[in-house]
Amino acid sequence: MRELHVKEITDAVARLCVEANRELPADLEQKIQNAAETEHSALGRAVLCDLCENMQAARRLGLPVCQDTGMAVVFAEVGQDVHLVGGSFEDAIHEGVRLGYTEGLLRCSVAADPIRRGNTGDNTPAIVHTRLVPGDRVTLTVAPKGFGSENMSRLRMMTPAATEEDIISFVAETVREAGGNPCPPVVLGVGIGGDFEQCALLAKQALCRSVSKRNADPYYAALEQKMLEAVNQLGVGPQGFGGDTTALAVNIEWAPTHIAGLPVSVNVGCHVTRHKIVTI
Ligand code: SF4
């Protein structure tokens, strides 16, 4: 049994919060740069060039890529041969978020109460998803999520009679209704199957997959491509100003479901779809 002090969890989460906000995944940045060259709309190209300049400035100046530094979503895969010592695991994650956001001068965006509001002042609590896995390592993924895009997300409990076209239409309709609100070009995490809450979680996990990695199942890889094409035919374009670059990638995660249902969720990610991963 390997011992791991929870302070290492806190330190890692604090560091990842800052890094994730300052630097986008390299393949996402590359896709935005490529789109700046291929977009047909002149205004769309200008917007994409501005986004590229913004990313470079954030890196050069050590500043967040966006003013909305998001709610901190943390996925933790904890090896079953790890013995965590020195305190509570979840408290260690929240402390990491607190340190990362306050000392890293990131905007604190968490309302203490969803109806009565009030700011918690340190971006805690984080949203934590923990899974027990084989081995003696802990893998942490920190994915700050902005709400301009989160607010545009949808979940529909379809029936088993729904066709592939129905699912593609639901995804495209979600993006069409969102318009410029999620700061396109977007990244779409699509969850298919499971039950109500697993379906939403699948979509969030899909957003944490690299945008250049297609689903391992050729059927779902092809469906990702069909959805991407359908969305890019909408004409929403960069920041909603029109163009053919509405989405940069569609990532699907799926799971078995009940014979009577076909849940589908779309977690909309903006062009600042961030995450950083570490294994300790
Ligand atoms: S949706 Fe994304 S790019 Fe737009 S303000 Fe929110 S975090 Fe920033």
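For ligands, and for the atoms within them, numbers begin at 1 and follow the listed sequence.
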**Study point:** Neighbour count above 12 (heavy atom, 6.0 Å) for E53 CD
**Key:**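 No, the 6.0 Å shell around CD holds no more than 12 heavy atoms from other groups.
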Review point. Got a sec: is C183 within less than 2.8 Å of atom 4 (Fe) of ligand 1 via an N/O/S atom?
Key: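 Here the distance criterion (N, O or S atom, under 2.8 Å) is met by C183, so yes.
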Check your understanding: Closer than 2.8 Å to atom 8 (Fe) of ligand 1, do we get an N, O or S atom from C66, backbone or side chain?
Key ->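 Yes, since at least one N, O or S atom of C66 sits under 2.8 Å from atom 8 (Fe) of ligand 1.
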Review point. Is the closest side-chain donor-acceptor distance between Q233 and E229 under 3.5 Å?
Key: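 No, no side-chain donor-acceptor pair sits under 3.5 Å.
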Review point. When you check the side-chain N and O atoms of Y219 and E164, is any donor under 3.5 Å from an acceptor?
Key: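 Short answer, yes.
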Check your understanding: For atom 6 (Fe) of ligand 1, which protein heavy atom lies nearest, and how many Å away is it?
Key ->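 Looking at atom 6 (Fe) of ligand 1, the protein heavy atom closest to it is D68 OD2, 3.5 Å.
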Check your understanding: When you measure from atom 2 (Fe) of ligand 1 to every protein heavy atom, which one gives the shortest distance, and what is it?
Key ->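 Looking at atom 2 (Fe) of ligand 1, the protein heavy atom closest to it is C270 SG, 2.3 Å.
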In the structure I gave you, are the side-chain heavy atoms of [X] and [Y] within less than 4.5 Å of one another anywhere?
X: V264; Y: L262; answer: yes
X: V142; Y: F75; answer: no
X: Q67; Y: R107; answer: yes

Consider ligand 1: state whether an atom of it lies below 4.0 angstrom from any non-hydrogen atom of [X].
X: G70; answer: no
X: Q67; answer: yes
X: M152; answer: no

Review point. With atoms numbered from 1 as shown, which atoms in ligand 1 lie under 4.0 angstrom from a non-hydrogen atom of V272?
Key: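 In order of number, 3 (S).
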Check your understanding: At a 4.0 Å threshold, what atoms of ligand 1 neighbour a non-hydrogen atom of H271?
Key ->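 Listed by number with element: 3 (S).
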Exercise for review: Specify side chain, backbone, both or neither for R274, according to which of its non-hydrogen atoms lie closer than 4.0 Å to ligand 1.
Suggested key: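 Side chain only; the backbone of R274 stays clear of ligand 1.
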Review point. Quick one: which of L188, V266, V186 gives a side-chain contact (heavy atoms from CB on, under 4.5 Å) with V250?
Key: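 So, applying the side-chain contact (heavy atoms from CB on, under 4.5 Å) to V250 and each of L188, V266, V186, only L188 qualifies.
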